[in-house]
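As structure tokens, the structure follows; a few thoughts come after it.
The first residue in the sequence is number 1, and the count goes up from there.
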Amino acid sequence: MKNPHHISTSEIRSDFLEFFRGKGHTIVPSAPLVPANDPTLLFTNSGMVQFKNVFLGSEKPGYVRAADVQRCLRAGGKHNDLDQVGYTARHHTFFEMLGNWSFGDYFKEDAIAWAWELLTKVWKLPAERLLVTVYHTDDEAYAIWNQKMGIPAERIVRIGDNKGAPYASDNFWQMADTGPCGPCTEIFYDHGDHIAGGPPGSPDEDGDRFIEIWNLVFMQFDRQPDGTLVPLPAPCVDTGMGLERLAAVLQGVHGNYEIDLFRHLIAKAAEFTSTADLGNKSLRVIADHIRACSFLIVDGVLPSNEGRGYVLRRIIRRALRHGWMLGQKGPFFSRMVAPLVEVMGDAYPELTAKREFVERALLAEEERFAETLDSGMRIFDEVASRSTGMIPGADAFRLYDTYGFPVDLTADIARERGLSVDMAGFDQSMEEQRRKAREAGKFGNATTMPAELAAQLSPTRFLGYDELGADDLQVLALLKDGRPVDQIDAGDDAVVILDRTPFYAESGGQVGDTGDLEAGAARFAVRDTQKFAGQFHGHVGNLASGSLKRGDRVRASVDAVRRAATVLNHSATHLLHSALRSVLGDHVTQKGSLVAPDRLRFDFAHFAPVSASDLAEIERRVNAEVRRNHAAEVHHMGMQEALDFGAMALFGEKYGDEVRVLRMGDTSTELCGGTHVSRTGDIGLFKIVSEGGVSAGVRRIEALTGQGALDFVAEEERRLDEAASLLGGNAADIADKLRSLLDRQKKLERELESIKAKAASGATSDLGASAAQVGAVKVVATRLEGFDAKALRDAVDRLKQQLGDSVIVLAGTSDGKAALVAGVNGAAAGRVKAGELLAHVASQINGKGGGRADMAQGGGDDGPALVQALAGVAGWVEVKLS
């Protein structure tokens, strides 16, 4: 049955806000789609995001009741509806959430009463069509619905924990594993028994008959990491009602894409793609995606290959591909911005203001993708034609790597043809590309080896955890210029691959070992050790003497001093990582590292420079762990067992079924294949030497350990003593001495300025006496040695006062350059402009300049041309005055 009360989407927004304004709520504007200062979220995915800190008590707004219409996006991360969009009646990437909020003010009774009043009295929905759910232990909410709102017991459903864990219920709301949470009550609309589906809580609840339209969350608790619920200081209310779903109910239609807003966008999409069938699902996709893409761009996101920009690019390309399916291969998507502004511009003025920018960004992406879409689809058709039900992962990767098809786009196209995609194979191809990129980036092509050689060899066995020297190691292969050879001779640069080795191959940020390989008269100097094909330790270096053949037996000796210094830095890196997370927060994750003998470098995710006080605290914590002299415990275990043990997996590492876990004290437990100290006390001293930015959201700390740190401190002390000596004191009173010196310098500078001013005043008086007379105007154009721009401006001002009606150009010269200042005063004003005069003079001395009509400045070269230019000023002024 159609609802007789037809209402536009814009009117629903307005009605909602005005209703709650009348209930004492402050109307709050929508927050952007990019959450402010919340690294846990990719996008604003619900109405409560902007109020998260209010619920936690760390932020106090100037109101206790609020209402808003929040724009939301679910197309990446935990909340990702992209795959369903266009194929269902109610899934969207972008949607609007109507919400009213109480921050420690009203609670369950008022929230329920007002929701019922708005739905049944203002919007006049028939009460018998509404059904509600409550959390199974929330007797208070049940009683309000039953006894005060008069809802019969048969239309109130208690929903329990049906997901195998406490509070894991559709009627217990929580934003994440920790944080604000509480029971909720949901209001459903019954479309009628002619639609398939049962009420919530029943086996066929996923049907389309009963549709949730409003969720009232009663925020009572703050969930702790251990799962316990701590009552919030003041219980709050957080409600959310999807505007699109509500509009469908109020407008008497069954699907969201039938409401007025979408009818307009779908009609325009049909017009721009020359599509007659308005029921075509591709039109739905385009209509949905234009909202998501436009508002992402409005909120500062642009298409890119990472993060939010990559999600935007995926959505755009999905829309473009659906246009391509409709036969529209030219730009069309950017044209959809105008009709979007028509239906949403009044509610979101920022969309109207940035319309042209959004159109340009989308058009550029259309033009970029058009170049690859056609050829990519041909490849897909070819792959699909030989598929037996699944697109191979390698082919999906080729479409991604060569033709720019995000894998979910390939999956989208495949699903329409009854096919699936081998995602495990795609991930394997992606990882292989990353591995190759890492290897190529580290050592050109040096870490690659012929596939046939790799197939013949067994992986190198690493001995270096326990020993730095080993005998009777067999030469399995020799590489010269990247090709296998049977023998190398003195002077040859080569790579030696052994069956076993104590040499650590560069990985996990730790540099490769150096040292020697010896066999009789042959000595091979190892200048680096790299991993070849991910499993062979390649000793890179030069044969200093003798010859070396495949099959020879050698003795290996690692540079023990270099390795010892390196392990101090590697272990310190683990302690630094732990300290960073303790001081700055758990959002800190490793983004890269370098562990060398002379220093360590650690890159980590963080949103701002680290303050001096935080750096001092981080350094203090690391050194405290060093002094505690924890044993460096090594454990070998399965991957899941390691994660349960509390180990952190590090950036850029690939782990097998069995992993190596390093634990130092209670604070540092990480998966790591590197070499480390026996006890943390071996590190001796940890000293941070710099902190800075690497890229957006990534910071870098460089530090020293052991003797390097001691040498750094000693050098700092030497410099301090030297500075103290120059100041005539000692390190203890250096600050007082320096402060006294600076005070004296400031006093001398003031005295010097006073002397300069007197000299300039005298020079100015002399210039005034020698001014040329051009009609009624005095003209001064001269060169002053050593005057800077400020002194010139002061001189021009004094000359104006002294001469009255005047035109002045002064050139201050120093080191072959001239600073120019021009001024015009009195009767000359109007006919002579300082900016034009200065530009005239500057153009003759390879300079430039300009300014106001009364004062201008610039510069150029000193020399004969300057003298000539100044000599011509009086004549130029005469022409202007005449």
Side-chain angles (χ1 to χ4, degrees), residues 35 37-42 45-46 48-49 51-59 77-79 103-104 107 134-141 158-184 215 217-238 574-575 577-590 604-607 614 617-618 621 624-625 628 630 633 635 637-650 659 661-671:
N37 301 323
D38 191 344
T40 66
L41 280 180
L42 196 63
N45 55 31
S46 68
M48 72 83 61
V49 170
F51 300 117
K52 183 176 176 182
N53 290 334
V54 179
F55 288 129
L56 289 171
S58 61
E59 184 179 316
K78 177 182 174 184
H79 298 288
F103 307 116
F107 202 44
V134 297
Y135 187 54
H136 67 122
T137 60
D138 194 353
D139 295 332
E140 182 185 3
R158 291 182 185 263
I159 303 293
D161 299 328
N162 56 4
K163 297 178 182 177
Y167 311 114
S169 167
D170 289 338
N171 279 67
F172 194 90
W173 189 94
Q174 51 195 33
M175 182 168 184
D177 294 335
T178 59
C181 60
C184 60
N215 186 7
V217 177
F218 305 124
M219 200 80 69
Q220 291 178 257
F221 309 108
D222 182 10
R223 189 169 188 173
Q224 303 302 299
D226 63 1
T228 57
L229 301 184
V230 176
L232 286 168
C236 303
V237 173
D238 155 12
H574 284 227
L575 298 179
H577 191 189
S578 173
L580 283 165
R581 289 172 64 84
S582 297
V583 174
L584 303 180
D586 288 344
H587 65 274
V588 170
T589 52
Q590 183 173 337
F604 57 97
H606 188 53
F607 40 80
D614 280 344
E617 175 61 15
I618 290 161
R621 291 190 182 211
E625 294 302 302
R628 290 190 179 103
H630 301 295
E633 307 167 13
H635 303 269
M637 57 185 72
M639 183 66 184
Q640 189 55 52
E641 185 185 359
L643 296 176
D644 294 342
F645 188 62
M648 284 188 63
L650 291 188
V659 294
V661 180
L662 178 76
R663 181 172 189 167
M664 294 182 288
D666 297 328
T667 62
S668 176
T669 306
E670 296 187 3
L671 304 181

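Across Thr137, Asp139, Asn171, a single residue satisfies side chain to side chain donor-acceptor pair (under 3.5 Å) together with Arg158, and that is Asp139.
Closest heavy-atom contact between Ala141 and Val134: CB-CG1, 4.0 Å. The shortest heavy-atom contact between Val583 and Arg621 is CG2-NE, 3.7 Å. Taking each heavy atom of Ser169 and Gly160 in turn, the nearest pair found is OG-O, 3.0 Å. For Cys184 against Val217, the heavy-atom pair with the smallest separation is CB-CA, 3.7 Å.
The closest side-chain heavy-atom distance from Asp161 to His136 is below 4.5 Å. For the pair His577/Ser668, no side-chain contact is recorded, criterion being any heavy-atom separation below 4.5 Å from C-beta on. The shortest distance between side-chain heavy atoms of Cys181 and Phe172 falls below 4.5 Å.
Of the inter-residue distances, the one linking His574 atom NE2 with Gln590 atom CD reads 7.5 Å to the nearest 0.5 angstrom. Expressed to the nearest 0.5 Å, how far CZ of Phe107 lies from CE of Met219 amounts to 9.5 Å. Atoms CG and CH2, on Asp238 and Trp173 in that order, are 5.5 Å from each other to the nearest 0.5 Å. Rounded to the nearest 0.5 Å, atoms NE2 (His630) and CG (Leu575) are 8.0 Å apart.
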Practice task
Show the numbers, then the answer: is there a side chain to side chain contact (heavy atoms under 4.5 Å, CB included) between Ile159 and Tyr135?
Solution key: CA-CA 5 Å; Ile159 303 293; Tyr135 187 54; 5.9 Å; no

Practice task
Would you check, one step at a time, whether the test side chain to side chain contact (heavy atoms under 4.5 Å, CB included) holds for Phe221 with Gln174?
Solution key: CA-CA 9 Å; Phe221 309 108; Gln174 51 195 33; over 6 Å; no

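Remark: Thr667 pairs with Ser578, Glu625 by the side chain to side chain contact (heavy atoms under 4.5 Å, CB included) rule, at least two apart or across chains. Listed by chain and number, the residues in a side chain to side chain contact (heavy atoms under 4.5 Å, CB included) with Glu140 are Lys108, Asp138, Ile144 (sequence neighbours excluded).
For the pair Thr669 (side chain) and Arg663 (backbone), a donor-acceptor distance under 3.5 Å is absent.
A centroid separation of less than 6.0 Å is found between the aromatic rings of Phe103 and Phe51.
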